[in-house]
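Working notes, beginning with the structure itself.
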Amino acid sequence: DGIKRYAASDEEFQAFVAHQRVRERNPVMIDFVEVVKPKRVSEAMIKGRIKTKAGQPLNFDQLDRDLTNIYAIGDFETVGFDIQEKDGKKGLAIQTLEKSWGPRYLRFGLNLQSDIGGANNYTSVLDYRHSQLNSLGGEWKVVGQTGQNAGVFTDFYQPLDVQNYFFIDPQLKYARNFQDIYQEDKRTSQYRLAELGGGFDIGVNLKSYVEARVGLRYSELNAKPEIG
């Protein structure tokens, strides 16, 4: 009985259904699509990820995919939209709020390890990333590591179109670590391994967070005895 108090009458329900059908028959028509120009990210880059077109009814499912693709650029805190009227025309305005701490990002990490034999070692990692280096959103990354295992890795991710569909990614790497050689649970020697190499990838972004890539790798490995 308590639920019945909130039930709509047949006449009210039919009026609600009719109202919904009117909304479906009269969708929002978009006369223009514009981007509120950001400070750092290329406006063409944002427009390249918008599939909503002027002169068509506004499809909110497609708009949601557009906003997700724009947010996937990775340089925005928020992405939204507004329906605006200008000169008697109704349009869609895409609004973005860029991260206040970009486009240069720096992270630091420290790892300490100890084993039952009393050996201690540490590893420190420094990660530097610089995004939006050009109008297509090129990004340079450098990762350096010191300690028992040391090295440096750098790559330059470069989209080839404003949709960020195709991309290239050249890389360079130098790594140095120590490899122990054991015989019957006893360490007999230790080698210092040094690797210098690089690679070149080409790829395609299938979805906002899914990519496929192929590439070539080349490296030279040099081993020198340290102990034994």
Side-chain angles (χ1 to χ4, degrees), residues 35-51 65-80 94-112 121-177 192-222:
V35 173
V36 179
K37 185 173 176 58
K39 295 180 180 179
R40 297 188 303 265
V41 180
S42 165
E43 184 178 350
M45 230 180 114
I46 299 175
K47 288 183 176 179
R49 297 181 179 224
I50 300 174
K51 303 300 182 183
R65 290 191 291 269
D66 291 345
L67 298 179
T68 299
N69 290 335
I70 294 171
Y71 187 79
I73 293 174
D75 287 87
F76 300 116
E77 291 187 46
T78 61
V79 177
I94 303 297
Q95 301 169 332
T96 60
L97 176 62
E98 291 175 311
K99 293 178 179 178
S100 59
W101 56 91
R104 298 175 179 86
Y105 306 89
L106 184 65
R107 296 187 298 176
F108 176 78
L110 182 64
N111 181 39
L112 301 175
N121 61 72
Y122 75 94
T123 301
S124 62
V125 178
L126 191 67
D127 186 327
Y128 173 77
R129 180 168 65 91
H130 191 168
S131 64
Q132 303 304 321
L133 287 170
N134 52 47
S135 61
L136 294 179
E139 179 177 291
W140 178 43
K141 182 171 66 176
V142 180
V143 180
Q145 180 174 303
T146 63
Q148 184 75 6
N149 298 321
V152 62
F153 170 85
T154 182
D155 77 323
F156 189 84
Y157 178 89
Q158 178 60 59
L160 301 179
D161 53 80
V162 291
Q163 291 86 4
N164 191 20
Y165 191 64
F166 295 103
F167 65 87
I168 59 174
D169 188 10
Q171 307 137 27
L172 289 174
K173 173 185 178 182
Y174 171 77
R176 185 219 66 203
N177 58 75
R192 173 177 158 176
L193 305 179
E195 180 185 3
L196 178 63
F200 188 89
D201 291 351
I202 59 174
V204 57
N205 286 298
L206 303 175
K207 293 183 179 180
S208 298
Y209 299 98
V210 179
E211 69 174 32
R213 63 168 68 196
V214 295
L216 298 174
R217 296 288 185 276
Y218 175 81
S219 64
E220 294 182 356
L221 187 64
N222 185 22

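Atoms considered below: every heavy atom in the structure, side chains included; atoms not considered: hydrogens, waters and symmetry mates.
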Point to revise | Where Ser124 and Leu110 come nearest, the two heavy atoms and their spacing | key: CB-CD1, 3.9 Å
Study note, to complete from the structure: Residue set satisfying side-chain contact (heavy atoms from CB on, under 4.5 Å) with Leu172, at least two apart, ordered chain then number -> Thr154
Point to revise | Partner residues of Ala44 under the side-chain contact (heavy atoms from CB on, under 4.5 Å) criterion, sequence neighbours left out | key: Ser42, Val162
Exercise for review: Show your working on side-chain contact (heavy atoms from CB on, under 4.5 Å) between Lys51 and Arg65 and close with a plain yes or no.
Suggested key: CA-CA 9 Å; Lys51 303 300 182 183; Arg65 290 191 291 269; over 6 Å; no
Review point. Looking at Phe200 and Arg217, what are the two nearest heavy atoms and their distance?
Key: N-NH1, 3.9 Å
Review point. Between CZ of Phe156 and NE2 of His130, what distance do you get to the nearest 0.5 Å?
Key: 9.5 Å
Check your understanding: Are the side chains of Ile50 and Val35 in touch, meaning some heavy atoms are under 4.5 Å apart?
Key -> yes
Review point. When you check the gap from the basic side-chain N to the acidic O, do Arg213 and Glu211 get nearer than 4.0 Å?
Key: yes
Practice item. Look up atom CG in Asn222 and atom CZ in Arg176, then write down how far apart they are to the nearest 0.5 Å. Key: 13.0 Å
Revision key, fill the gap. Minimal heavy-atom distance between Thr96 and Val36, with the atoms involved, is OG1-O, 4.4 Å
Pairs of donor and acceptor atoms involving the side chains of residues 101-108, under 3.5 Å and at least two apart or interchain, shall be tabulated with distances.
| residue | atom | partner | partner atom | Å |
| --- | --- | --- | --- | --- |
| Tyr105 | OH | Asp75 | OD2 | 3.3 |
| Arg107 | NH2 | Asp127 | OD2 | 3.2 |

Review point. Between atom CZ of Arg40 and atom CD of Gln132, what is the distance when rounded to the nearest 0.5 Å?
Key: 8.0 Å
**Study point:** Over 12 foreign heavy atoms within 6.0 Å of CG, Leu160
**Key:** yes
Check your understanding: Between Asp155 and Gln171, which heavy-atom pair has the shortest distance, and what is it?
Key -> CB-CG, 3.5 Å
Revision key, fill the gap. Closest non-hydrogen contact found for Tyr174 with Ala194 is OH-CB, 4.1 Å
Point to revise | Where Gly74 and Lys99 come nearest, the two heavy atoms and their spacing | key: O-NZ, 3.0 Å
Practice item. Just do the side chain to side chain donor-acceptor pair (under 3.5 Å) check on Gln163 and Asn69 with the steps written out, would you? Key: CA-CA 9 Å; Gln163 291 86 4; Asn69 290 335; over 6 Å; no
**Study point:** Gap separating the CG atom of Asn149 from the OH atom of Tyr122, nearest 0.5 angstrom
**Key:** 11.5 Å
Point to revise | Atom pair CG (Leu67) and OG1 (Thr78), whose distance is rounded to the nearest 0.5 Å | key: 10.5 Å
